[in-house]
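Bear in mind the structure is a predicted one, so any value in this text is a computation, not a measurement.
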Amino acid sequence: MNRRVGSEQPDEHDELEQHLATKLNVPLDWPEDGALTASHVAAIAAATTCDTAYNHAANGHLIDLFAALPLPGTAEGKDFWERIRDAGGSAAWNIHPANMGGPFFDRIHNGNEGGIASRVLSFLGELTPAQRTHVAEAIGSALDHGTVGVNGQYGGELWLRDAEMSAWRVVLASRREFETAEDRERFFEAWRRA
């Protein structure tokens with residue numbers, strides 16, 4: 001029986017517990033008479049991922065967004081990134097492969113979780129409305145309609161909005177690294193008294 005503190009329905013197992021039981025064939029009370037059961041491990045895993053899941057998922061999504069664009073080093077990519085540079089002006093250097101290339105995307109695996117997100121937000125924050133429209137047109141013209149289902153300016157606008165929100169989620173989640181338990185308790189206490 002699952003008796004998690006704060007659970008509205010203590011007799012029901014959450015998704016992670018159900019996954020352990022059904023997909024991995026792990027009884028939730030295993031090992032019997034053990035101090036740490038599979039159910040406990042599920043609760044620990046869920047608590048651990050709460051702070052990092054959005055950050056990792058949003059970073060992965062940013063990589064997917066860039067992967068939908070023409071690759072640097074190809075003829076198509078060279079033309080595309082020149083159009084982005086022309087459309088976005090100096091703001092485009094935040095994401096241009098000549099400035100951001102090399103192992104920049106690889107650094108996500110080494111803990112530089114906010115690096116790409118910060119560059120994307122700087123890029124978008126520095127664009128004028130007219131530049132943003134031209135960048136959206138350039139991106140939309142490069143998107144494969146057969147793969148993503150949209151192209152043109154609308155597809156580019158979707159790409160930009162998605163990149164902006166994904167980058168924002170990474171940056172917002174990474175602020176938790178600097179938050180202490182006392183900061184968190186101060187937050188809850190302030191809202192309790194509001």
Side-chain angles (χ1 to χ4, degrees), residues 48-180 182-184 186-187 190-191:
T48 302
T49 59
C50 284
D51 292 342
T52 60
Y54 284 127
N55 195 343
H56 291 294
N59 261 316
H61 190 65
L62 279 173
I63 290 171
D64 288 344
L65 286 167
F66 276 89
L69 302 176
L71 295 173
T74 65
E76 183 186 10
K78 184 177 189 248
D79 292 341
F80 170 76
W81 288 105
E82 285 178 12
R83 285 196 321 270
I84 293 294
R85 189 187 63 224
D86 292 343
S90 62
W93 286 111
N94 286 296
I95 64 162
H96 196 281
N99 193 37
M100 192 175 91
F104 209 91
F105 281 102
D106 291 333
R107 291 183 190 145
I108 287 178
H109 299 294
N110 296 326
N112 184 9
E113 298 281 323
I116 293 170
S118 295
R119 283 179 170 265
V120 168
L121 290 176
S122 293
F123 165 61
L124 293 167
E126 293 172 20
L127 291 176
T128 66
Q131 286 174 322
R132 188 172 175 125
T133 297
H134 295 306
V135 167
E137 290 169 354
I139 289 172
S141 69
L143 294 175
D144 181 2
H145 184 272
T147 303
V148 296
V150 293
N151 60 3
Q153 184 178 344
Y154 177 65
E157 288 170 0
L158 290 175
W159 192 99
L160 291 173
R161 286 193 300 243
D162 198 352
E164 192 165 41
M165 291 312 301
S166 296
W168 170 245
R169 286 182 185 103
V170 170
V171 170
L172 187 61
S174 64
R175 81 174 241 299
R176 291 289 301 272
E177 294 175 25
F178 306 103
E179 187 178 47
T180 64
E182 291 81 25
D183 294 331
R184 200 69 168 155
R186 215 173 9 258
F187 166 82
W191 280 95

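Interatomic distance, S118 OG to F123 CZ, rounded to the nearest 0.5 Å: 15.0 Å. The CG atom of L160 sits 7.5 Å away from the CG atom of L127 when rounded to the nearest 0.5 Å. Going from atom CD1 of I116 over to atom CG of L65 covers 11.0 Å, rounded to the nearest 0.5 Å. The line from CD1 of I139 to CG of L69 is 6.0 Å long, rounded to the nearest 0.5 Å. Note that CD of E82 and NE2 of H96 are 7.0 Å apart. Values are rounded to the nearest 0.5 Å. Once rounded to the nearest 0.5 Å, the distance linking CD of E126 with CG of L121 reads 11.0 Å.
In plain terms, the two heavy atoms of I84 and A92 that are nearest each other are O-CB, 3.6 Å. Residue W81 comes nearest to P70 through the heavy atom pair NE1-O, 3.2 Å, listed as atom of the first residue, atom of the second, then distance.
Heavy atoms of other residues, nucleotides or ligands lying less than 6.0 angstrom from CH2 of W93 number more than 12.
Here D86 does not pair with R83 in a salt bridge; the nearest charged N to carboxylate O distance is not below 4.0 Å.
The shortest distance between side-chain heavy atoms of W159 and V135 does not fall below 4.5 Å. The closest side-chain heavy-atom distance from T74 to F80 is not below 4.5 Å.
Side chain of S141 to main chain of A138: a donor-acceptor pair is present (N/O by atom type, distance under 3.5 Å, no hydrogens or angles).
Cation-pi geometry between R184 and F187 is met: the NZ or CZ atom falls under 6.0 Å from the ring centre, inside 45° of the normal.
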- prompt: Are F66 and V120 close enough, and set up right, to give a side chain to side chain contact (heavy atoms under 4.5 Å, CB included), and what steps lead you there?
  reply: CA-CA 11 Å; F66 276 89; V120 168; 3.9 Å; yes
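Defined by atom type and a distance below 3.5 Å, a donor-acceptor pair is present between the side-chain atoms of H61 and D162.
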